[in-house]
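Below you'll find the structure, written out as structure tokens, and then a few comments.
Below, chain A is the first sequence line, B the second, and so on; all start at residue 1.
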Amino acid sequence: MAHTTHGIGGLTYDPAKKARPPELNVFIALILIVVAFEAIGRLFLNDSFLFNTRDNVDAIFNWARLNIIILQVSIIGIIAVGVTQVIITGGIDLSSGSVVGATAMIAMSFAQTAVVNGNPNPKAIFGDWAMDLPVIVPVMVGLGCGLAAGLVNGVLIAYTRIPPFIATLGMMVFARGLSRWWSNGNPISFPTEGYAAIGKGMMPVFIFVLLAILFHLILNYTVYGKHTYAIGSNEDAARMSGIKVDRHKLLVYSIAGCLAAVAAIVLSSKNLTAQAGMGIMYELDAIAMAVIGGISLKGGRGSILGTVLGALIFGVIISGFTFVKLDAYYQEMVKGMIIVGAVVLDQWRQRRSTERT
Amino acid sequence: MSELKLHDMGDIVLETRDLTKHYGGVHALEGANFILRKGEHVAIMGDNGAGKSTFVRQITAVEQRTRGEVIFDGHAVNFAGPLEAREAGIETVFQNLALADDLDVPSNLFLGREKVLFNLGPFSILDRKAMREATMRGLEKTGVKIPNILNTIRNMSGGQRQCVAIARTAAFHSKLTIMDEPTAALGVQETAQVENIIRTLKKQGEPLILISHNMRQVFDLMDRIVVFRRGRICANLNVAETNPEDVVAYITGAKTGAEYADVA
Ligand SMILES: Nc1ncnc2c1ncn2[C@@H]1O[C@H](COP(=O)(O)OP(=O)(O)OP(=O)(O)O)[C@@H](O)[C@H]1O
Ligand SMILES: [Mg+2]
């Protein structure tokens with residue numbers, strides 16, 4: 001049989017014909033938002049959002065502002081990488097922010113240094129045995145906490161069939177209580193140099209980018225990725241095709257828990273302290289990043305690339321509002337509107353796509 | 001196609017003995033004794049709710065049966081799940097299409113049995129090229145018109161989706177194909193395509209169970225008709241020796257096969 005471009009029966013494989021990736025729209029939105037802030041700055045504030053307008057510094061870009069965006073984005077972005085996978089399976093994780101708080105507290109207690117300025121560490125949680133431990137100890141403890149939280153979420157959702165919203169809400173409240181109980185509400189400070197190095201300077205960005213690339217590859221090129229999308233797209237079909245749906249969900253929530261733990265370690269290291277209340281509401285920011293990045297809360301659609309772009313948009317908007325001198329209260333309100341707006345957009349997209357079939 | 005030795009036990013591909021499924025108080029399937037021989041194409045007919053899909057779900061282990069035996073390929077089988085049934089060689093097009101809307105055609109064809117380059121457990125690397133090529137080859141058999149196999153299923157018409165589901169069964173070398181109302185949602189042309197796939201399977205000597213409400217289709221394509229009524233098999237008819245009126249009578253309960261007299 002002759003081989004035509006149409007194949008037999010009109011079948012084709014034409015990479016050029018593949019539908020436009022939705023990430024492109026998100027990228028365009030990012031550019032537009034940056035341009036909008038730049039325009040507002042030039043027109044009304046006689047300042048530049050992107051570029052350096054001070055004469056005494058010889059840099060083109062306003063690195064101070066960009067750094068803040070990127071750092072802000074990175075730590076919550078690490079959580080968002082996990083949340084993205086959870087949402088693609090059709091689930092949700094409301095616990096990640098509070099798990100960050102609890103994990104930071106617990107990991108930090110194993111990262112303390114015995115002597116501060118010649119005096120014993122005033123914030124010591126444990127006795128001497130837990131002082132000046134090698135950095136691997138707090139890191140493993142932290143990852144263990146995240147994994148445990150993820151496993152519990154996963155078991156509740158996959159095996160006892162509790163809706164993800166409820167299961168992770170329970171975990172959220174539990175983790176908040178745990179972090180307050182852990183040190184009776186006291187902050188835990190003065191980490192070892194090794195621990196402090198984890199979140200130093202641009203390290204959070206580096207870790208975020210590394211994890212984003214890793215999970216981008218995993219989601220696109222491995223069986224794990226394929227099954228994650230399949231479950232979110234049609235759980236019954238996934239089950240009938242022989243995918244071990246429950247086991248897979250357990251894995252996805254565990255990975256999300258571990259990523260929250262990484263964020264906790266980076267955050268507490270960068271701040272050189274951990275306290276109850278840390279990380280609270282980060283879950284909403286992470287979900288917002290994913291939703292802005294084009295994920296569907298119904299599952300099956302979304303990508304790490306989209307979430308990274310969503311995270312950048314999120315960071316640009318927040319720092320843009322600082323730039324145009326809206327104060328913190330407005331920022332909260334705007335954040336709330338972004339989250340709801342993005343979900344409305346998602347539902348509108350969904351309705352449009354179901355109308356077509 | 002092999003029509004030889006019809007009564008040789010070695011020719012039996014699938015046999016069920018006393019296959020039964022109760023959903024609580026609902027006796028959806030009761031004591032089904034069924035035999036399918038090599039190369040045979042058998043239709044299962046019956047009213048809505050007669051238990052046809054339930055019968056399929058027990059064979060393919062989508063559900064665990066209440067009672068009874070399934071003998072496939074000479075062995076009594078107890079599949080733990082649908083993947084085991086597929087690995088044993090039973091390909092099924094389920095009535096509620098088991099497709100993932102957000103995935104493209106190759107991903108759907110290979111859902112749950114992806115080809116991999118390196119085995120790293122759940123993180124095994126996909127062999128996307130091999131799956132794409134196998135998809136092209138598999139779909140060529142079916143003659144289905146799909147603009148681009150790398151589009152998601154969501155953007156396809158009901159007929160195209162159905163054809164993908166059917167191509168999935170045709171693309172793999174199976175020992176038995178089961179189709180549950182494959183043409184229920186299809187237009188004239190797509191129905192003809194599906195029927196061509198069925199004819200191809202017949203030529204290749206691959207056995208098939210077809211659930212259908214379409215009398216013409218059944219009489220055109222099948223060798224035998226098994227009629228279900230209220231969860232029980234009530235007739236087993238050779239297409240050559242019966243007619244549509246008769247089959248309707250069995251379906252509605254106006255008539256019952258002699259050997260199934262206890263059903264009525
Ligand atoms: N999961 C279930 N729980 C309870 N009852 C069920 C379940 N699945 C099927 N049934 C019942 O079992 C009976 C047989 O259903 P089944 O789906 O096998 O019918 P069918 O012959 O395939 O009908 P149709 O032609 O409409 O597809 C029906 O009465 C149905 O309501
Ligand atoms: Mg049915």
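At distances below 3.5 Å, not a single donor-acceptor pair connects side-chain atoms of B:R128 with backbone N or O atoms of A:Y221.
Of the two parts of B:L99, only the backbone, made up of N, CA, C and O, holds a non-hydrogen atom closer than 4.5 Å to a non-hydrogen atom of chain A. B:R113 does not touch chain A: none of its heavy atoms, backbone or side chain, sits under 4.5 Å away. Looking at A:I231, there are no atoms closer than 4.5 Å to chain B (heavy atoms on both sides), in backbone or side chain. Proximity to chain B is limited to the backbone of A:R239, based on heavy atoms less than 4.5 angstrom apart. Of the atoms belonging to B:F118, not a single heavy atom falls under 4.5 Å from chain A.
Considering only heavy-atom pairs separated by less than 4.5 Å from chain A, the leading option among B:S107, B:A85, B:A80 is B:S107. Across A:S296, A:A230, A:G299, the residue that shares the most heavy-atom pairs under 4.5 angstrom with chain B is A:A230.
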Might you work through the side-chain contact (heavy atoms from CB on, under 4.5 Å) test for B:L103 and A:Y229, ending with a clear yes or no? CA-CA 7 Å; B:L103 302 185; A:Y229 283 98; 3.6 Å; yes

Check step by step if side-chain contact (heavy atoms from CB on, under 4.5 Å) holds for B:V116 and A:V223. CA-CA 8 Å; B:V116 298; A:V223 173; 3.6 Å; yes

side-chain contact (heavy atoms from CB on, under 4.5 Å) between B:L111 and A:I243: does it pass, once the steps are laid out? CA-CA 8 Å; B:L111 201 58; A:I243 295 174; 3.9 Å; yes

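Smallest separation of non-hydrogen atoms from A:S233 and B:A100: OG-C, 3.4 Å. Nearest heavy atom pair, residue B:P82 against residue A:G242, reads CG-N, 4.4 Å.
Distance check: A:I218 CD1 to B:I125 CD1 gives 8.0 Å after rounding to the nearest 0.5 Å. Distance check: A:L251 CG to B:F123 CZ gives 4.5 Å after rounding to the nearest 0.5 Å. For the atom pair CZ of B:R154 and CZ of A:R301, the computed distance is 4.5 Å after rounding to the nearest 0.5 Å.
When the heavy atoms of residues 53-65 of chain B are compared with those of chain A, the residues falling under 4.5 Å are B:V62, listed by number. Residues of residues 85-94 of chain A lying within less than 4.5 angstrom of chain B, judged on heavy atoms, are absent.
Residue A:R247 places its CZ atom among 12 or fewer non-hydrogen atoms of other residues, nucleotides or ligands, all under 6.0 Å distant. Around OH of A:Y159, the count of heavy atoms belonging to other residues, nucleotides or ligands within 6.0 Å exceeds 12.
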